[in-house]
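Some notes on the structure that comes next.
All values reported here derive from a predicted model rather than from experimental measurement. The figures here come from the full heavy-atom set of this structure, side chains too, leaving out hydrogens, waters and symmetry mates.
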Amino acid sequence: MQNNHVVIMAGGIGSRFWPMSTPEHPKQFIDVLGCGRTLLQLTVDRFNGLIPVSNFWVVTSRRYESLVKEQLPDIPQSNILLEPCMRNTAPCIAYAGWKIKQRYPDANIVVTSSDHMVTDVEEFRRVIAKSIEFTKNTPYILTLGMQPTRPETGYGYVSARIDVTDDEIKPVEAFKEKPSLSVAEEYLRAGNYFWNAGIFIWNTHTLENSFRLYCPAIASVFDSLMPYFYQDNEQKMIDKFFPECENISIDYAIMEKASDIHVFPASFGWSDLGTWGSLHAQLPHDTEGNAFVGNNVKMVESGNCIVHIPEGKRVVIQGLDGYIVAEKDGTLLICKLQDEQRIKEFSK
């Protein structure tokens, strides 16, 4: 357990959850579910017992440093990695990987986002523990694939060679982009396609070798930064050289190119809480299909709505069907759920 580490990516701005989520205070730092814990805190909670607090790493924007410290006071300062600019997930993971391997050359690393939802935490922990055991002494990259429950067009997919081994963990056949509805329906019928959850497990050697093989320019940037890790001038040098990294996701940079990659098909109530619609699907519903966060919400002759109201606010909604109603800091959004892809447009 002392050699297990988790890297939590927490730099996104959550623009599709406006007005609840704003660039100044994005969704990972908010109690989205109304349970008393933010999405970032829930992410840390589900790794408890698997990874010591000293081995948690959070990669985020410089502007969110105080939010991370406030919400995760037990995480060491040296484990909060501050990006001076957004460069997508590949440079984010490389920064954490290079810094971890300097002090922990044989570490096992789990990479996860800060804004996912997991309902079956015990099954999640079982899957993570087995995944770490699988990757710690092998050159394999392991990704978690979620068992699809519907023909989802909002996620990428991973196809597996399910006939190769009886073990739960299977070789990856291919990564697939977000599909059309008809293709997603084909994936669901095929039985060997899984949602790409963006959760990766590998050891430091595999991580480093993968970047050197597929992203040598990014590897070179962090090679040059190695002497400054854990030093007083680390942030100054990160600010100077991090912007040189290519803006590229880990999927495009490595996962879609790698040959030694496996998938663990799993089912632990996972959801990428990326939209109001996904939150509506995950929250409890009343008899009319309404879901809400807020302790004083009254629905009258309304159905299939998602309502998110701050504590202390009272709202009565009459005659709406299939709407988002969300208020924060004096900004009120009332929008059809079916038009939620336009929220970025509304927030400008």
Side-chain angles (χ1 to χ4, degrees), residues 3-9 50 59 88-98 100-101 106-113 116 124 126-148 152 155-179 183-184 187 190-219 222 245-246 248-268 270 272:
N3 219 24
N4 298 341
H5 295 250
V6 61
V7 174
I8 301 172
M9 299 179 290
L50 290 172
V59 189
N88 217 312
T89 53
C92 161
I93 292 167
Y95 179 13
W98 255 249
I100 290 169
K101 80 183 182 76
D106 298 315
N108 312 302
I109 301 174
V110 181
V111 177
T112 187
S113 294
H116 292 173
F124 172 83
R126 183 193 74 82
V127 169
I128 293 295
K130 182 169 181 176
S131 299
I132 290 171
E133 193 65 27
F134 177 80
T135 58
K136 71 178 183 180
N137 294 317
T138 70
Y140 299 134
I141 304 170
L142 183 60
T143 183
L144 301 190
M146 300 298 103
Q147 296 278 1
E152 175 60 57
Y155 299 151
Y157 285 71
V158 184
S159 63
R161 295 163 58 196
I162 58 176
D163 58 337
V164 172
T165 172
D166 291 334
D167 190 78
E168 289 181 284
I169 297 171
K170 311 291 185 182
V172 165
E173 190 172 64
F175 282 82
K176 301 291 186 180
E177 297 295 317
K178 296 175 183 178
V183 172
Y187 289 170
N192 67 319
Y193 287 83
F194 307 95
W195 293 336
N196 180 3
I199 302 172
F200 307 106
I201 304 94
W202 39 11
N203 62 51
T204 51
H205 306 288
T206 301
L207 185 152
E208 179 184 359
N209 291 339
S210 297
F211 273 96
R212 293 200 185 285
L213 181 59
Y214 301 113
C215 297
I218 291 178
F222 291 102
C245 292
E246 180 182 2
I248 187 170
S249 72
I250 195 67
D251 281 349
Y252 283 128
I254 291 177
M255 299 303 162
E256 294 184 5
K257 302 173 184 176
S259 55
D260 290 335
I261 183 164
H262 285 62
V263 60
F264 193 151
S267 181
F268 42 69
W270 173 89
D272 174 10

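Atoms CG and OG, from Leu213 and Ser259 in turn, are 8.0 Å apart once rounded to the nearest 0.5 Å. Atom CD of Glu256 sits about 12.0 Å away from atom OH of Tyr214, to the nearest 0.5 Å. Note: His116 NE2 to Ile8 CD1 = 11.5 Å, rounded to the nearest 0.5 Å. Phe211 contributes atom CZ, which lies 6.5 Å from atom CH2 of Trp98 (distance to the nearest 0.5 angstrom). Distance check, rounded to the nearest 0.5 Å: CD1 of Ile261 to OG1 of Thr206 gives 11.0 Å. Taken from OG1 in Thr135 to CG in Leu142, the straight-line distance is 6.5 Å, to the nearest 0.5 Å.
When only modelled atom types and interatomic distance are considered, Tyr140 and Trp202 share no side-chain donor-acceptor pair under 3.5 Å.
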Test Ile248 against Ile218 for side chain to side chain contact (heavy atoms under 4.5 Å, CB included), laying out the working first.
-> CA-CA 10 Å; Ile248 187 170; Ile218 291 178; 4.0 Å; yes
Given the rule in the side chain to side chain contact (heavy atoms under 4.5 Å, CB included) test, do Ile201 and Asn108 qualify, once you have shown the distances and angles that lead to the verdict?
-> CA-CA 7 Å; Ile201 304 94; Asn108 312 302; 5.8 Å; no
Starting from the C-alpha separation in whole Å, work towards a yes-or-no answer on side chain to side chain contact (heavy atoms under 4.5 Å, CB included) for Leu50 and Asn4.
-> CA-CA 8 Å; Leu50 290 172; Asn4 298 341; 5.8 Å; no
Test log, rule side chain to side chain contact (heavy atoms under 4.5 Å, CB included), inputs Met9 and Thr89 | CA-CA 8 Å; Met9 299 179 290; Thr89 53; 3.7 Å; yes
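Here the closest non-hydrogen pair linking Ala160 and Lys170 is CB-CB, 4.0 Å. Between Val59 and Ala96 the shortest heavy-atom distance is CG2-CB, 4.1 Å. Ala90 approaches Ala253 most closely through the heavy-atom pair CB-CB, 3.8 Å. The minimum heavy-atom distance linking Tyr157 with Ala184 is given by the pair OH-CB, 4.0 Å.
Taking the side chain as every heavy atom from C-beta outward, Ile128 and Leu144 approach each other to under 4.5 Å. Counting heavy atoms from C-beta on, the side chains of Ile100 and Val7 come closer than 4.5 Å. Side-chain contact check for Ile141 versus Ser210: some heavy-atom pair is nearer than 4.5 Å. Residues Thr112 and Val6 have side chains in contact (heavy-atom distance under 4.5 Å, counting atoms from C-beta outward). Between Thr204 and Ile109, some side-chain heavy-atom pair lies under the 4.5 Å cut-off. For the pair Val110/Ser131, no side-chain contact is recorded, criterion being any heavy-atom separation below 4.5 Å from C-beta on.
For Arg126, the CZ atom sits in a packed shell: over 12 heavy atoms of surrounding residues, nucleotides or ligands are nearer than 6.0 Å. Taking a 6.0 Å sphere around NZ of Lys178, one finds it holds 12 or fewer heavy atoms contributed by other residues, nucleotides or ligands. Tyr252 OH: 12 or fewer foreign heavy atoms inside a 6.0 Å radius.
At least one donor-acceptor pair closer than 3.5 Å links the side chain of Asn203 to the backbone N or O of Thr138. Under the 3.5 Å distance criterion, the side-chain polar atoms of Ser267 are left unmatched by any main-chain donor or acceptor of Gln147. A donor-acceptor contact shorter than 3.5 Å is absent between the side chain of Asn192 and the backbone of Arg161. Proximity of a side-chain donor or acceptor of Ser159 to a complementary backbone N or O of Ala174 within less than 3.5 Å is detected. Looking at Asp106, its side chain never comes within 3.5 Å of a backbone N or O of Asn3 through a donor-acceptor pair. Listed for the Tyr187 side chain is no donor-acceptor partner under 3.5 Å among the backbone atoms of Trp195.
Listed by first and then second residue, the salt bridge (charged side-chain N to carboxylate O under 4.0 Å, His left out) pairs that reach into residues 190-217 are Lys101-Glu208, Glu208-Arg212, Arg212-Asp223, sequence neighbours excluded. Pairs passing the salt bridge (charged side-chain N to carboxylate O under 4.0 Å, His left out) check and including a residue from residues 129-146, sequence neighbours excluded, read Lys130-Asp167, Lys130-Glu168, Glu133-Lys136.
Results of the ring-ring contact (aromatic ring centres under 6.0 Å, His included) test with His262 over Phe134, Phe200, Phe194 single out Phe134 as the only residue that passes.
Taking the six-membered ring where tryptophan is involved, the planes of Phe268 and Phe124 are perpendicular, since the angle between them exceeds 60° and thus also 30°.
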